[in-house]
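Here is the structure we will look at, set down as C-alpha cells.
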2 protein chains.
Amino acid sequence: MDTARQPTLTEVARLAGVSVTTASKAINRQERISEATRKRVLRAARRLSYTPNLAAKSLASGRSNIIGVLLRDPMVDRLAMPMVIGAQSVLEQLEFSAIIADARGVDDRLTELGVMLRQRGVDGLLIVGDNQGAISSITASAKIPCVYVHGPTSNSRDVVHLVDDFAGAVTLVNHLLDIGRTRIAHVTGPKHSPAVQQRALGVTHALHEHGLRLAGRVRYGLWSQRWARQATREVLAKVPNVDAIACGSDQIAAAALEAVTATGRKVPDDVAITGYDNWTVFAQETDPSLTTLDMDLEHLGAAAVSDLFAMIGGNRVGGGTRHHEGTLVIRGSTDPRLP
Amino acid sequence: MDTARQPTLTEVARLAGVSVTTASKAINRQERISEATRKRVLRAARRLSYTPNLAAKSLASGRSNIIGVLLRDPMVDRLAMPMVIGAQSVLEQLEFSAIIADARGVDDRLTELGVMLRQRGVDGLLIVGDNQGAISSITASAKIPCVYVHGPTSNSRDVVHLVDDFAGAVTLVNHLLDIGRTRIAHVTGPKHSPAVQQRALGVTHALHEHGLRLAGRVRYGLWSQRWARQATREVLAKVPNVDAIACGSDQIAAAALEAVTATGRKVPDDVAITGYDNWTVFAQETDPSLTTLDMDLEHLGAAAVSDLFAMIGGNRVGGGTRHHEGTLVIRGSTDPRLP
DNA sequence: TATGGTTGCGGAAGCGCTTCCCCTTATTTA
DNA sequence: TAAATAAGGGGAAGCGCTTCCGCAACCATA
C-alpha cells in the first residue's frame, strides 16, 4: 500500500552505464544495439525489477497497447462474458490490456463511451452487441479502429463478427434427419430476435432441402422455461406423433424435455430434442442431457480481436460480416447411447 | 478510422487567448481563475471539441483515474459480472475507468496481473474472488490500494467485502418459521464451499434459536439440478412429513421443486421451498416461482469500489471484513398468494 | 591509402499535461 | 497616502519515455 516509487528507465540506464536512449532501444527493439550492451541493460532492469511506465510510453509513442471493450448490455446478455474472455486471451499474448465499459443497453451511451475511451488513448474498440438487434455504428465518431461482435451494425462497411445462427440450425436439423427423424417441431424464443429468426429460417430451410416440412408452425415465444413447457404441451397435443423438437435455446429445450417426459414419452427414443447455446446449467442438467450447438463464443471474441489488431497495425482489413459456425455437441437427448 | 488528431490543450489556450496553464486550471480546478476566463476557456474547448489526453494527464499528475479489476475466475463464477457492473456504476460517476483482467483461477496469475496493472498506472485494484475459497492476498506485491470482494483473503488486514451467507440463511429460515413451518430440510451444494458451509450454519443456527432441529441431516452435494432432484427424493422418502426445504441455491431449489411436485405434493401448501441467489433463469421460471435471497451483488461491487476510492484518496480505511446482508425476495414457493 | 558504408551509441527534442512559483494588478487596511 | 494583502494569470520545469539525427569508430572495397 505504500506506493514505493517505481524505478525509471533513467535509473536502469545509469546502473547499466548507458544512455537512456540506449536503454530504451535495448529493452524495446533490436535496432542497432550490440548483444553485450543489451544484456547489460536487461540485467540492470532485472536487478531494479524495472517495469516501464506505460502511461509515459503511450504518450511518447502514440500507442497505448490498450483496447476498449464496449458492452452494449452485459446484464441482458450473459453471452458477453465468454466473448470478452476469448478476446482477453488474445490480448494477453500481445501484451495488450482491455478497458471495459458497459452502455446498459443505451445506444447513445455507446457513442459517449467510445469517445471517452479514445480520450484514454485506446488503440481500438471492440464493440460487443447483445444479439437483440443492430448496434448503432460508432466507427465514424470513434475515429479509431472498431470491430463489432455479436450484433450487426448500421454500417455495412464495419467489420462485424457474428455467430451463424442459420447454419447452426441447419446443422442441428441435419443431425435430427440423420438419426431418422422426420416429424420435427420448432419451439423457440421471441420472434423479434434476429437470432430466433435466423434459427427458424435454418430449421425450415434444412427440412425443405430434404423435401420435408415443419411439424406444425414455428412456436415463437419467450426465453422462458415456463413458456416453453406450455408450448411443448401444445405441440404434443397438436402433433402427437412428433418425433423431434428442435428448440431455440437450451433453456427452452430443458423445459421441453421436462414437458415431453411428463407425458410418458421417452427422450430420445420417442422424441429427440435439441437445444442451442450449450449453456451448461441447462444442457448438462437435464436427463438425458441435451444435444445442442456450441457457439464457440470465446473463439468468436478471439477472432474479432485478431481483426482489430490487424487494423491497429495498419493492415487493411476488408469490411463486412464474418459468420462463425458453431460446433454440434451430441448428447443423450438425441443419442440413446449417451447420457 | 482516419485517426484525426485530437485538439490539444495548447490549441484551446490559443483560441481562448490565455496560457496553457490558465487553460488547464480553468478546465480542472476552481483555483484562482475568474469566472470570465473560465467561461472563455470552456467555450473554446467546446468549439474545438477538446478532450484531454488522459495518458499525458496521468503522467503529469501521477494519477491515472483508472483502476484495475482482477477476476479470479469469471468462467466459474457467473456472479462476477454483476459485481463488476455495480463497480462500474460508481466508477462512472467519478470519471474512472476499469481495466479488467482475469486470472483463470490461477493464484499466481493474480499476482502477475496485479504487477502488470500497476505498470499501466492504475490507481488501485479491485480483486474479485470466485467464492470458492480464499484469495491469496496481493496487497503486498501490488503496492497500491487493494480491495477484495467475494472471497476472504490470506491477510486479515486486507479490506474485504463479503456476502453474509450466514445471515442470509437465517433470514430465509426465519421466513419459513414465520409461515409456520417446523420440519425444515436443507439441500445444498458441495461441502467444501465456504458459502455452502455458512449457509448451512445459518440454517441450523436459526432453527436452534427456535428450539428446532433440522429435518434429517444436511444434504451436501453438487451445484446441479440432476443431483438436487435425487437428493430431494431421498429427503421426501426419509422425512415424508417435511414441510419446507431450504435449498442452497436457486438452481437446487428449482430441481427440488420439480421433485416435490412430482410426488403429488403441493408447493407451497404441503412443502415450502426457498432458494438462494435470485438467479432469474431459475427463480422466476419455476412454477410457482422461488422465494429466495438476493445477494445485491451490484451493491456489493459498488461498496467495495467506494472503499477503494477512499483509499486512493488517501483516507485511512480500516482493514478487515465487511459483511453484506442480502434481501429476502418472497414469491410463490412460500406464499400461496404470490405467483 | 583513400573512400564509402555500416554499426553502436548518445544528445536533444518533444509527447500533452500539471504544478510550482513568481509577477502584476486590484483591493483593502492602517 | 503608503503599505500590506488578495486575486488572477503566466513562465518554466518536469513527468518517463520514444525517436530523430548526428557522431565516432569500425569494416570492406578498390
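A note on names: the letters A, B, ... follow the listed sequences, proteins ahead of strands, and every chain is numbered from 1.
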Donor-acceptor under 3.5 Å ([X] side chain, [Y] main chain):
X	Y	answer
B:Gln88	A:Ile100	yes
A:Asn28	A:Ser24	yes
A:Asp158	A:Val160	no
A:Ser61	A:Lys57	yes

Q) Taking only residues two or more places apart in sequence, or in another chain, which ones meet B:Asp123 in a side chain to side chain donor-acceptor pair (under 3.5 Å)? A) B:Ser64

Q: Taking side chain to side chain donor-acceptor pair (under 3.5 Å) as the test, write out the residues that go with A:Thr321, two or more places apart.
A: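 By the side chain to side chain donor-acceptor pair (under 3.5 Å) rule, A:Thr321 matches no residue at all.
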
Q | DNA chain D: 5'-most and 3'-most nucleotides touching chain B, 4.0 angstrom heavy-atom criterion | A |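 Using the under 4.0 Å cut-off, the span is D:dA7 to D:dG16.
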
Q. With a 4.5 Å limit on heavy-atom distance, are the side chains of A:Ile127 and A:Ile138 in contact?
A.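 Contact flag for A:Ile127/A:Ile138 side chains = yes.
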
So, [X] and [Y], do they make that salt bridge, N to O below 4.0 Å?
X	Y	value
B:Glu92	A:Arg104	yes
B:Asp102	B:Arg109	no
A:Glu35	A:Arg38	yes

Q. Quick one, which residues of residues 14-25 of chain B touch DNA chain D with a heavy atom under 4.0 Å?
A. B:Val18, B:Ser19, B:Thr21, B:Thr22, B:Lys25

Q | DNA chain D contacts made by residues 37-59 of chain A, counting heavy atoms under 4.0 Å | A | A:Tyr50, A:Pro52, A:Asn53, A:Ala56, A:Lys57

Q. For residues 60-67 of chain A, which residues have at least one heavy atom under 4.0 Å from DNA chain C?
A. A:Ala60

Q | Between A:His324 and A:His161, ring centroids under 6.0 Å | A | yes

Q) Which is it for B:Ile312 and B:Arg63 under the side-chain contact (heavy atoms from CB on, under 4.5 Å) test, yes or no, and what are the steps along the way? A) CA-CA 10 Å; B:Ile312 291 173; B:Arg63 290 230 341 219; 4.2 Å; yes

